[in-house]
Amino acid sequence: MRHFLSLKDFTKDEILEMIDLSKKIKAETKDKKFVPYLEKQTLGMIFEKSSTRTRVSFETGIYQLGGIGLFLSSNDIQLGRGEPISDTSRVISSMVDMIMIRNDSQKELEEFASYSKVPVINGLTDSFHPVQIMADYLTILECGVKNPIVAYVGDGNNMANSWTILAS
């Protein structure tokens, strides 16, 4: 597994493979077949920016896949007290199997990932929101739309950037 900082990190085929795997796991979960794909894996979840849906979905997801999620707010870790990103990344990544970060800065996310020994997932930054777009796309496909045409109305932000990448 590798970092998931933006959809640009993956080819079209890899993105479609992730969507297909998501469909499979979602169907298994709906049928109450909890396959421990991530058995005994630990997900560190760093929230510099809070979110109900992101926290609950990541915690529930890792649990249903056989692992455990560790919620880490800015108040819980030294990053919130001025510790260098490199130090925080090295320490946390030495103790968990993967990390999800939700913050305000793509640049800081990328810096954190550059020092991490484990895969880092972008839970939201100022530039991208790739996991949300993947979930939105899965929902569109589940509604039976084969080749969707998406119109985005709103500010040019992380969602618009992520939709542009997915559409391309």
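On a predicted model such as this, the values are computed, not experimentally measured, just so you know. Only heavy atoms go into these numbers, but all of them, side chains included; no hydrogens, no water, no symmetry mates.
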For atom [atom1] of [X], decide whether the heavy atoms of other residues, nucleotides or ligands shown that lie under 6.0 angstrom number more than 12.
{"X": "Tyr63", "atom1": "OH", "result": "no"}
{"X": "Lys107", "atom1": "NZ", "result": "no"}
{"X": "Glu17", "atom1": "CD", "result": "no"}
{"X": "Leu21", "atom1": "CG", "result": "yes"}

Working to the nearest 0.5 Å, report the span between [atom1] of [X] and [atom2] of [Y].
{"X": "Met98", "Y": "Ile92", "atom1": "CE", "atom2": "CD1", "answer": "14.5 Å"}
{"X": "Ile165", "Y": "Ile15", "atom1": "CD1", "atom2": "CD1", "answer": "8.5 Å"}
{"X": "Ile25", "Y": "Leu38", "atom1": "CD1", "atom2": "CG", "answer": "7.5 Å"}
{"X": "Tyr37", "Y": "Leu65", "atom1": "OH", "atom2": "CG", "answer": "8.5 Å"}
{"X": "Asn157", "Y": "Asp126", "atom1": "CG", "atom2": "CG", "answer": "10.0 Å"}

inquiry  = Under 4.5 Å between side-chain heavy atoms, counting indirect links through other Ile/Leu/Val/Met/Phe/Trp/Tyr residues: same cluster for Leu166 and Val145 or not?
reply    = yes
State, to 0.1 Å, how close [X] and [Y] come at their nearest heavy-atom pair, and which atoms those are.
{"X": "Asp97", "Y": "Pro119", "result": "O-CD, 3.6 Å"}
{"X": "Leu7", "Y": "Ser162", "result": "CD1-O, 3.7 Å"}
{"X": "Ser127", "Y": "Asn161", "result": "O-ND2, 2.8 Å"}

inquiry  = Between Arg2 and Asp9, does any side-chain N to carboxylate O distance fall below 4.0 Å?
reply    = no
ask   = Is it true that Glu142 and Lys26 have a side-chain N and a carboxylate O under 4.0 angstrom from each other?
value = yes
Quick one: does [X]'s side chain have a donor or acceptor within less than 3.5 Å of a partner on [Y]'s backbone?
{"X": "Ser116", "Y": "Phe112", "result": "no"}
{"X": "Ser89", "Y": "Ile85", "result": "no"}
{"X": "His3", "Y": "Ile121", "result": "no"}

ask   = Quick one: do the Asn122 and Gln106 side chains pair a donor with an acceptor below 3.5 Å?
value = yes
Modelled atom types, side-chain donor and acceptor of Asp76 and Ser73, under 3.5 Å = yes
